[in-house]
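Naming convention: chains lettered A, B, ... in sequence-line order (proteins, then strands); numbering from 1 in each chain.
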Amino acid sequence: MNKQFEAVYALVRQIPAGKVATYGQIARWLGWDHGARTVGWALRSAPAGVPWHRVVNGRGAISLFDDGEQRLRLESEGICFNALGRIDLKVYGFDGFVKV
DNA sequence: GGGCTGACTGACG
DNA sequence: ACGTCAGCCAGCC
C-alpha cells in the first residue's frame, strides 16, 4: 500500500453520504494535475470501508461497467440521477476535503 | 529497463 | 450533448 494510495482512500472516506466527487478533483487535490487515471487505479484496489462508489468521472457519470450496482448504492444514499443517467455535480459535488 | 493497460480529462468537430 | 484524439501517472508483464 503506497502513501499516495492511502491519501486517496483518506479523501474518499471524507465524502459524506449523499455527496460525490470526481477522479480529476481528487487527483488535482493530491497534486496530480493529470493523473486522474491513477486515482481510479488506486480505487481499484480500495480496501473495505472506502466508499469508492461515491467517486464518479468528471461528467457526473459512472465510468465503471458495473454501473448497475454503483448506481444502486448511490441512489440508496439519496443521490438522484438525471434522465441521462448522470449525477448533477453542482448539487451533489463534494469539495470539503480536509488535508490529513 | 522497455512497453502496454487502465474505474480519466480536456479539447475539437 | 456525444464521439474521437491525445496526454499523464502508476503498476504489471
Legend entry - Protein-nucleotide distance (N57(A), atom CG; dG3(C), atom C1'), rounded to Å: 15 Å
Inset, instruction - Measure from the side chain of L43(A), starting at C-beta and using heavy atoms only, and say which of dA10(C), dA7(B), dC2(C) lies closest. - result: dA7(B)
Legend entry - Dot-bracket encoding of pairs in DNA chain B, which uses [ ] for pseudoknotted crossings and | for another strand, Watson-Crick or G-U under 3.5 angstrom: .|||||.||||||
Inset, instruction - Starting from P on dC8(B), measure out to CD1 on I26(A) and report it in whole angstrom. - result: 12 Å
Inset, instruction - Only pairs at least two apart or in different chains count here, so list each side chain to side chain donor-acceptor pair (under 3.5 Å) that has a residue in residues 79-97 of chain A. - result: none
Inset, instruction - Applying side-chain contact (heavy atoms from CB on, under 4.5 Å) between V55(A) and each of V8(A), I15(A), V50(A), I62(A), report the one that passes. - result: I15(A)
Legend entry - Distance-only polar pair, side chains of Q70(A) and W52(A), donor-acceptor under 3.5 Å: no
Legend entry - Nucleotide dC8(B), atom P - distance to CG of D33(A) in whole Å: 18 Å
Legend entry - Along DNA chain C (nearest heavy atom to each residue), the more 5'-positioned of R86(A) and A36(A): R86(A)
Legend entry - Donor-acceptor under 3.5 Å (Y9(A) side chain, G49(A) main chain): no
Legend entry - From R59(A) atom CZ to I87(A) atom CD1, the distance as rounded to the nearest 0.5 Å: 14.5 Å
Legend entry - More than 12 heavy atoms of other groups within 6.0 Å of R13(A) CZ: yes
Inset, instruction - Just jot down the ring-ring contact (aromatic ring centres under 6.0 Å, His included) partners of F81(A), sequence neighbours excluded, or say none. - result: none
Legend entry - For atom CG of D88(A) and atom P of dA1(C), their distance in whole Å: 10 Å
Legend entry - Whole-Å gap separating C1' (dA7(B)) and CD (Q25(A)): 16 Å
Legend entry - Any side-chain heavy-atom pair of V91(A) and I79(A) under 4.5 Å: no
Inset, instruction - Find the distance between CZ (F5(A)) and CG (L43(A)) and round it off to the nearest 0.5 Å. - result: 9.0 Å
Legend entry - Euclidean distance, atom CD1 of residue I62(A) to atom C1' of dT9(B) [Å, nearest integer]: 18 Å
At a cut-off of 3.5 Å, list every protein nitrogen or oxygen paired with a nitrogen or oxygen from nucleotides 1-6 of chain B, distance to 0.1 Å.
residue, atom, partner, partner atom, Å
dG6(B), N7, R37(A), NH2, 3.2

Are any protein N/O atoms closer than 3.5 Å to N/O atoms in nucleotides 10-12 of chain B? If there are, list each pair with its distance.
residue, atom, partner, partner atom, Å
dG10(B), N7, R59(A), NH2, 3.0

Legend entry - With R73(A) via salt bridge (charged side-chain N to carboxylate O under 4.0 Å, His left out) - residues at least two apart: E69(A)
Inset, instruction - Identify whether the distance between the nearest side-chain nitrogen and carboxylate oxygen of R54(A) and E77(A) falls below 4.0 Å. - result: yes
